[in-house]
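Chain naming here is simple, since letters A, B, ... match the order of the sequence lines and numbering starts at 1 in each.
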There are 2 protein chains.
Amino acid sequence: MPTHHQGPEHEILALDAYIKLMRATESVTSRVHETLPTDLTVTQFAVLETLFHLGPLCQGQLATKLLKSTGNLTLVVANLEKVGLIKRERQPHDLRFITISLSPRGRSFIAKLFPKIAARIADEFSVLTSSEKIELCRLAKKLGLRATVK
Amino acid sequence: MPTHHQGPEHEILALDAYIKLMRATESVTSRVHETLPTDLTVTQFAVLETLFHLGPLCQGQLATKLLKSTGNLTLVVANLEKVGLIKRERQPHDLRFITISLSPRGRSFIAKLFPKIAARIADEFSVLTSSEKIELCRLAKKLGLRATVK
DNA sequence: CACCGGTCGTTTGACATCGAACTATCGTCG
DNA sequence: CGACGATAGTTCGATGTCAAACGACCGGTG
């Protein structure tokens, strides 16, 4: 019964939750961003971090993982390549694909940086208890899945 | 005691929560964006909506409310003025300030649009029960406040 | 009245971001 | 083998975004 009949109070509740959700995300992200080296953007970090934890990927996969457009990734990856943190290699067996991987410098760079960022995030979330974090995971997951369906 | 000793499991929990939080926010926002007229951006909508619910404001206040830079607002507001949805007026008593207000067209535009967006958001959040929405508000608020403090 | 620090908005340069048009490549089907 | 549809990446144009430098204006102080 709760989710079928959509009274106005449900709508207000949803709006309120959405606003607070966005604020929380933006606040945390902006504070995490302060911890990044000044010349590294959030998306660039996300690319490095993804490659670090998942290994080499092609641009399309990277775009999907990060919920960005392929056109966007082209630019971000180009900028990272310019400063020598990653390298691009065409797949010999299918020239359409380009595999992105960390350069040695990129690997050691992100290996050093990641723990700092993780600690920062943990600090941000330290206002929540463990069970609150778990509950937040559960709720966010439900919302995220909802969107993935379609 | 729970928040002082930061074991690695706390860190993993926080990272997990952060990722899911961002995904949820991005997913919902991107789906809400689909509902907007194609020529209206999220920030432009946010500006109109804020003016609609709070009345005329100067750019600095608007920037603060929306957590954006003033330079950013200059552009967004200029674009909205170009299409005639808002108007800018210098304050006679202090020429540094510029008051932004909805034009008649802007007012009726947002008055028609807002209910649609609100319904869409409510629909996105309908995967959560009322008590889950309330809990999400509580948790997000704690995170947001944490960030506002400093 | 003239300077001066502080406040508001604009400009600038670099990057992000999207969608849509475009290029190159692949697989397949006739 | 050759045309065609699908797929990966790039390019383009418009907008957003920030930080930092800048210009205009205010209020006070000497």
Validation row: T99(B), P56(B) side chains within 4.5 angstrom (heavy atoms):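 Yes, their side chains come closer than 4.5 Å.
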
Any F45(A) side-chain heavy atom under 4.5 Å of T41(A) side chain: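 No, side chains not in contact.
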
Should the pair [X]-[Y] be classified as a salt bridge under the 4.0 Å nitrogen-to-oxygen rule?
X: R23(B); Y: E26(B); value: no
X: E135(A); Y: R138(A); value: yes
X: E81(A); Y: K87(A); value: no

N/O (side chain, R88(B)) to phosphate O (OP1/OP2, dT10(C)) under 4.0 Å: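 Answer is yes, contact under 4.0 Å.
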
side-chain N/O Q59(B) vs dT10(C) OP1/OP2, d < 4.0 Å: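 For dT10(C), OP1/OP2 do have a side-chain N/O of Q59(B) under 4.0 Å.
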
Would you mind reading off the distance between [X] atom [atom1] and [N] atom [atom2], rounded to a whole angstrom?
X: L57(A); N: dG9(D); atom1: CG; atom2: C1'; result: 16 Å
X: E26(B); N: dC18(C); atom1: CD; atom2: C1'; result: 14 Å
X: L66(A); N: dA16(C); atom1: CG; atom2: C1'; result: 13 Å
X: F97(A); N: dA6(D); atom1: CZ; atom2: C1'; result: 11 Å
X: L95(B); N: dT10(C); atom1: CG; atom2: P; result: 13 Å
X: D39(A); N: dA16(C); atom1: CG; atom2: C1'; result: 16 Å
X: E81(A); N: dT10(D); atom1: CD; atom2: C1'; result: 14 Å
X: L73(B); N: dT10(C); atom1: CG; atom2: P; result: 10 Å

Side-chain donor-acceptor contact under 3.5 Å, S131(B) with T129(B):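 Judged by distance alone, the side chains do pair up.
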
Pairwise 5' ranking along DNA chain C for I98(B) and V42(A), keeping only the more 5' one: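 The residue mapped nearer the 5' terminus is I98(B).
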
Option passing side chain to side chain contact (heavy atoms under 4.5 Å, CB included) with L85(B) (candidates L51(B), L48(B), L102(B)):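 It is L48(B); the other options fail the test.
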
Out of dG9(D), dT25(C), dC25(D), whichever nucleotide has its closest atom nearest the side chain of D94(A):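 Looking only at side-chain atoms, D94(A) lies closest to dT25(C).
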
Sequence-aligned protein contact record of nucleotides 15-21 of chain D, with B where the base is within under 4.0 Å of a protein heavy atom and S where only the sugar-phosphate is: SBBB---

